[in-house]
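First the structure, in the form of structure tokens, and then the observations on it.
Counting convention: from 1, in listed order, for ligands and their atoms alike.
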Amino acid sequence: MTQSPGQGQALDNLLTESRTFPPSAEFAAQANARPELYEEAKADREAFWAKQAERLHWETKWDQVLDWSNAPFAKWFVGGKLNVAYNCVDRHVESGHGDQVAIHWEGEPGDSRAITYAELQREVSKAANALASLGIGAEDRVAIYMPMIPEAIFAMLACARVGALHNVVFGGFSAEALRTRIQDSACRLVITTDGQYRRGTPAPLKPAVDEAVAGAPSVEKVLVVKRTDTEVAWTDKDVWWHELVDSQPDQHTPEAFDSEHPLFILYTSGTTGKPKGILHTSGGYLTQTSYTHHNVFDLKPDTDVYWCTADIGWVTGHSYIVYGPLSNRVTQVVYEGTPNTPHEGRHWEIVQKYGVSIYYTAPTLIRTFMKWGADIPAKYDLSSLRVLGSVGEPINPEAWIWYRENVGGGKAPIVDTWWQTETGAIMISPLPGVVSTKPGSAQRPLPGIGAKVVNDEGVEVEHGGGGYLVLDEPWPSMLRGIWGDEERYRDTYWSRFGEQGFYFAGDGAKYDDDGDIWLLGRVDDVMNVSGHRISTTEVESALVSHPTVAEAAVVGASDATTGQGIVAFVILRGGAGDDAGGAEAIKALRDHVAKEIGPIAKPRQIMVVPELPKTRSGKIMRRLLRDVAENRAVGDVTTLADSSVMDLISAGLQSDKSED
Ligand code: WT7
């Protein structure tokens, strides 16, 4: 069943999945995506992308589709000029859709607001005039540190409108994290709020800005939206949004900027190291976010209600709440709060309230819903849902099936979308209505995208083989570098397969026998057991396929005989029963993994835990679990969403050592 990675493979392929779900005839007949897209893109990639760029309004048309002569720094749609905010707002008003709701905003405490495109145009224009009145214009950097309120979106679009770069910092980050991100890109302005709602209670936000700004001399002004009405200290840099923005004229003439004009910087913290300021530009970025949003989510602007549950602090919020969807004239839900405030059915209540038809979320949340139990979504009418999406981590086949059955009514196609902050937009995903989906697989590069799985030498592995995921062609929404650090850009992404000229994404992946791509987690997390290179994802998926397990994280810990042994941490499903964590049950789980993927992958040890350490964007931090598994002091926990989780895990440890 297992084979050694010796035969030109960098990763073992252990788990097989035979379920597939062909699109229904009804869905296929109405799908935006067409099978011909693949051939069209293959026949002439640049012509294909030029055609996609026609989705946008260009003030001046480009004269060259791609300039890759200065690789790895790409230029797309060279010579073209456009205004990104005009494309996301004004042109929809001009085409007669001013009364269409752009945003159904739902606040955490239950307040709500419907914003039409005409209103969005006025709000963004006022905000753009306010920026101009503060002297903010082309190439200036503006930090945005806000909860999920409409003004956050107005602020991003206002920056785009005047040609300033936004640097959105997730509102859950600390003052210190904010300061380093402001300083690295020398922001002149910070836009924030007095406070934010967190699980039902207002929490102050501005004090963190005050602290950050005290150590960031580049900041001249701080624009403050009143959200929670919390008492805040006031400095001479502070300006209230409602005083400055609300008094501005609600018309603003957008200026067209070069296709390669910078649009934003977004810092990726990753799990270690100084955050990298990922730089994105205008024309190529908007082309690919628009194209992917149209084809992957099958958006019908006149009838769909779309909801992406991400925060604008992450790239998913940039590309699939703001730029892609708004460029496609979406009607979308934006929700301010957490999924269990005030109860664990909040998302389904919102789906029912607005008739959400397209829902895009992360595997970590799907597994949390599994833990809470299927009876919760069952209480709501979810029949409006017709497309489901997943992003951020590999989705385990069982979580995929759970999502399909309990959220998608057993029929909505699921698009598992692989991409990164660096890629700017979706790269690998099935096209709904065209491709038969497979639980757990992102399947194939989108038309126009080049991706493959290669071995250590950069040679493509055969079907059934595992290795490294690389991107072998430049793409329109690719990063244009790391802010202020050209060397780091080259080193991080282009050195591993420099000879071949491939971008290396840092992920392990495999092809199945049909040639579909499966993501296997970060290569830094790969375990080596008796010479087998085993991905964390496959063992985790095997664990999650047991009916008692909601979520699992595995790591390799040194082992005297096998090099590394597999140590698993599992969270049980709601209703799994009191015995589910007992010694017998643990043994059953170990046997289950052995049966699913072979004895080589049988965990040496399994620990039942109440929570797993995750970053604020929901990714499991296996590094910290490795420390626990190796009995080392636990390392840097500053990027953890909840730093008490590691104490919980360590406290429970003594109780269970199920080796045999
Ligand atoms: C990393 C990028 C892309 C928006 C959110 C995350 C992992 C992302 C998938 C997927 C397996 C995935 C990869 C990637 N990842 N989507 N569908 N299947 N893994 O952006 O924070 O830049 O993280 O997330 O490891 O490299 P990000």
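Ranking protein heavy atoms by distance to atom 3 (C) of ligand 1, first place goes to Trp419 O, 3.1 Å.
A side chain to side chain donor-acceptor pair (under 3.5 Å) with Asn396 is found for one member of Arg367, Glu540, Glu538 and no other, namely Arg367.
Neither the backbone nor the side chain of Ala442 has a heavy atom within less than 4.0 Å of ligand 1. At a heavy-atom cutoff of 4.0 Å, ligand 1 is contacted by no atom of Ile428, backbone or side chain. Residue contacts with ligand 1, taken as heavy atom pairs separated by less than 4.0 Å, involve Thr421 via backbone and side-chain atoms alike.
The closest approach between a heavy atom of Trp314 and any atom of ligand 1 is not below 4.0 Å.
Outside the 6.0 Å centre-distance limit, the rings of His318 and His280 are not counted as a close aromatic pair. Ring centroid separation for the pair Tyr145 and Phe170 does not come in under the 6.0 Å cut-off.
The heavy atom nearest to atom 21 (O) of ligand 1, out of those in Lys619, His318, Gln420, is found in Lys619. Ranked by closest heavy atom to atom 10 (C) of ligand 1, the top entry among Glu393, Glu422, Met427, Arg522 is Glu393. By heavy-atom distance, the residue among Val415, Ile395, Val391, Asp507 lying nearest atom 25 (O) of ligand 1 is Asp507.
Sorted by first then second residue, the ring pair (Phe, Tyr, Trp, His ring centres under 6.0 Å) pairs that include residues 393-416, not counting sequence neighbours, are Phe21-Trp400. Judged as a ring pair (Phe, Tyr, Trp, His ring centres under 6.0 Å), the pairs with a partner in residues 414-456 (not counting sequence neighbours) are, in order, Tyr320-Trp419.
Proximity to Thr417 (heavy-atom distance under 4.0 Å) selects the following atoms of ligand 1: 9 (C), 10 (C), 16 (N), 17 (N). Taking a cut-off of under 4.0 Å to the non-hydrogen atoms of Val315, the atoms of ligand 1 that pass are 4 (C).
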